[in-house]
**Student:** 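What follows is a structure written as structure tokens; I'll ask about it next.
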Amino acid sequence: MSGAATSRLSAVVFCGALVAVGVGAAVGLATIPRVGTFLGMLLGGFLVGVGISPRPLAESAIAAAVVNLGIIASTGVPGRGIIGAITALGSVAPETLLPSLALSAAAGGFGAHLGDDLRDGLSEPLEDSSVTGSGSASSPDRARSTTADSTGGDNAASTTTDIDRETVRESADE
């Protein structure tokens, strides 16, 4: 990897990821009770990946884990504030909490990865086929019509067979 691809964590990107993943998790939790939170985190991470230019994978993964902890803490004892939130986090068994945090981090990071790949794919210019010359010679219909127009008689049949063989070779190489 190059030095530009391995950048440091950004607080601004993390805050943006925290908002996007948090809103996605809240919407997902409100619509689909059991897996909606993780789908919302995936969607929030996707939006972060599409919207932010450097690869925000770590920021989105950490934001998703923090949002997951926030959701668990918000189920604490009503009216008890921070003490109720800590009590709620402490009452969850580690063998349940750790996979939940890992799944939420994976959902946020994978969503950011998908969004980043989509943005990169949409922003890359397409290769011009006229510059490379691959579009004119490899088209079977174009090769047959050019050969049939320029040759005649018995020689046309052997040329057409050669073109068909060349077309098969080119398609096998691809």
**Student:** Could you state whether Leu42 and Phe46 fall into the same hydrophobic cluster, counting links through intermediate Ile, Leu, Val, Met, Phe, Trp or Tyr residues with side-chain heavy atoms under 4.5 angstrom apart?
**Tutor:**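 Cluster IDs for Leu42 and Phe46 match.
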
**Student:** Identify the two heavy atoms, one from Gly108 and one from Ala64, that lie closest to each other, and give their separation to 0.1 Å.
**Tutor:**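 Answer, listing the atom of Gly108 first, then Ala64: CA-CB, 3.9 Å.
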
**Student:** Taking all atoms of both residues into account, what is the closest heavy-atom pair of Ile52 and Arg119, and its distance?
**Tutor:**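 What the structure gives for the nearest pair is O-NH2, 3.0 Å.
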
**Student:** Table please: side-chain donor-acceptor pairs of residues 9-33 below 3.5 Å, with sequence neighbours left out.
**Tutor:**
unit_1 : atom_1 : unit_2 : atom_2 : d
Ser10  : OG     : Val12  : N      : 3.4
Ser10  : OG     : Val13  : N      : 3.4
Thr31  : OG1    : Val27  : O      : 3.1
Thr31  : OG1    : Gly28  : O      : 3.2

**Student:** Using only atom types and a distance under 3.5 Å, with no angle test, would you say the side chain of Thr96 pairs donor to acceptor with the backbone of Val92?
**Tutor:**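 Side chain of Thr96 to backbone of Val92: no pair is present.
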
**Student:** Give the cluster check for Leu47 versus Val50: same hydrophobic cluster or not, with ILVMFWY residues linked at side-chain heavy-atom distances below 4.5 Å.
**Tutor:**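 Yes; Val50 is reachable from Leu47 via cluster members.
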
**Student:** List the steps, then state whether side chain to side chain contact (heavy atoms under 4.5 Å, CB included) holds for Leu57 with Phe110.
**Tutor:** CA-CA 7 Å; Leu57 303 177; Phe110 187 64; over 6 Å; no

**Student:** Apply side chain to side chain contact (heavy atoms under 4.5 Å, CB included) to Met41 and Val67, showing your working.
**Tutor:** CA-CA 9 Å; Met41 289 178 187; Val67 166; 4.0 Å; yes

**Student:** Just verifying a value: how many Å separate Thr87 OG1 and Ile83 CD1, rounded to the nearest 0.5 Å?
**Tutor:**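 Answer rounded to 0.5 Å: 6.5 Å.
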
**Student:** Between CG of Asp120 and CZ of Arg55, what distance do you get to the nearest 0.5 Å?
**Tutor:**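 Reported to 0.5 Å precision, the distance equals 7.0 Å.
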
**Student:** Does Ile72 belong to the same Ile/Leu/Val/Met/Phe/Trp/Tyr cluster as Val66, with side-chain heavy atoms less than 4.5 Å apart forming each link?
**Tutor:**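 Shared cluster, no.
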
**Student:** Please tabulate, one pair per line, all N/O donor-acceptor pairs under 3.5 Å involving side-chain atoms of residues 97-107, not counting sequence neighbours.
**Tutor:**
unit_1 : atom_1 : unit_2 : atom_2 : d
Ser100 : OG     : Asn68  : ND2    : 2.7
Ser104 : OG     : Asn68  : ND2    : 3.4
Ser104 : OG     : Ser100 : O      : 3.2
Ser104 : OG     : Leu101 : O      : 2.8

**Student:** Can you list everything that forms a side chain to side chain donor-acceptor pair (under 3.5 Å) with Asp117? Sequence neighbours excluded, please.
**Tutor:**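 Scan of Asp117 (side chain to side chain donor-acceptor pair (under 3.5 Å), adjacent residues dropped) gives His113.
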
